[in-house]
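One structure below.
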There are 2 protein chains.
Amino acid sequence: MGNPLPRDPIADAQRNWERHGWGDVAAPMAAITAIMRTQQILLARIEGVLKPFGLTFARYELLALLSFARSRALPMNKASALLQVHPTSVTNAVDRLQDAGLVVRSPHPTDGRTTLIELTTEGRTLAKRATAALNTEVFGQSGFASQDVDQLIRILGRFRQNAGDFGD
Amino acid sequence: MGNPLPRDPIADAQRNWERHGWGDVAAPMAAITAIMRTQQILLARIEGVLKPFGLTFARYELLALLSFARSRALPMNKASALLQVHPTSVTNAVDRLQDAGLVVRSPHPTDGRTTLIELTTEGRTLAKRATAALNTEVFGQSGFASQDVDQLIRILGRFRQNAGDFGD
DNA sequence: TCCAAACCCTTGGATGTCCTAGTATATTGC
DNA sequence: GCAATATACTAGGACATCCAAGGGTTTGGA
């Protein structure tokens, strides 16, 4: 989508902030902007790897969640909570996965409000293959040094906890 | 969109990866997933602050870019490169900002292919006010410790450079 | 017991992102 | 000078996300 820029646009923005007298928030602004951009880069890599499988990242995440769940079937609201996305996003993903024959919906045995989702055999197979591809082509070549990975897990873990993602 | 989970879902995923024999990529997987989730949290905060101004993050970024540009008018392709988004995304944002009276399009004086975008007076004022709000309500309360901010800038800066974002 | 409040999922609408093509204008090479 | 190639923007389509609202089911208090 573009060639490398001559200079780091985020470092430029940080300098702009300092120049305007906002030096006290320039660094957090740069860090947050860098997170946004990094996410964009990583998402593009992930989607690129998943495309041959006919999957998007959103659909893969749901497939992976189901493949690791203890119980074979998961309520949609549970999936929404664990994936931390809006319930309508899960509805959307399940619609498409079901059209592709990778998951099936079934009614909850005792709660008429709840819908369960479950992997089909093809869904389980595809989840395995897609995970293997992501492991070798993205996670195995993340571009982060080992110590940096640890730092990221620590820093972002604390941030997410403070943001109310999880207790503990 | 949800209450805190009892446990960190990303730490759970990391354990799942290790349990399946993918221990060598479990940590990068967790780090990358944490980046995705952190971006989601930050974006929600930013959009929440910008909503009263009638802005989204995409539109704000364009407004901010224009307000810091040396030249009053910027070609659309330049904006696309600096914001690192697809040209059609800039077209989309400019359409809406123009409808809102915050920017105007004008033809390039010498290159008939190029369209310049320029802030209106209202656009410049709104950019200032929105920036002030983001500085106090988001960047000033990022939730990252000062040393962590430095770590993030360093780690993600190197990552972005290796990913080909910029030379230097 | 029974109705109001809470909960679950889905539909419809607004936005944003990207990709693919199409149109118009510039630049390059012969 | 003219054709071929490259560049700039935009239109249309596929997906994802969220919010608001609606319809069905369960729960809980009067």
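A, B, ... follow the sequence lines: proteins, then strands. Residue 1 opens every chain. Values reported hereafter were calculated over all heavy atoms of this structure, with side chains retained and with hydrogens, waters and symmetry mates removed. From a predicted model like this one, the values you see are computed outputs, not experimental measurements.
Relative to the side chain of M76(A), the nucleotides dC8(C), dT10(C), dT17(D) differ in distance, and dT10(C) lies closest. Each of dA16(D), dA8(D), dT10(C) was ranked by its minimum atom distance to the side chain of R113(B); first place goes to dA8(D). Looking at the side chain of T56(B), the nearest of the listed nucleotides dT10(C), dT17(D), dG16(C) is dG16(C). In the set dT25(C), dT17(C), dT11(C), the nucleotide with an atom closest to the side chain of A58(B) is dT17(C). Comparing dA8(D), dC15(D), dT15(C) against the side chain of R59(A) picks out dC15(D) as the nearest.
For the pair K51(A) and A93(B), nearest-nucleotide mapping onto DNA chain C gives the more 5' position to A93(B). The nearest heavy atom of DNA chain D to D111(A) and to F57(A) marks one nucleotide each, and the one closer to the 5' end goes with F57(A).
Within 3.5 Å, a donor on the side chain of T88(B) pairs with an acceptor on the base of dC19(C), or the reverse.
In this structure a side-chain-to-backbone donor-acceptor pair under 3.5 Å is present from Q161(B) to G167(B). Checked by atom type and distance alone, the side chain of H20(A) never pairs as donor or acceptor with a backbone atom of W22(A) at under 3.5 Å.
Ring pair W17(B)/F139(A) is perpendicular by interplanar angle, where above 60° counts as perpendicular and below 30° as parallel.
Just one of L97(A), L126(A), V94(A), L102(A) meets the side chain to side chain contact (heavy atoms under 4.5 Å, CB included) condition when paired with R59(A); it is L97(A).
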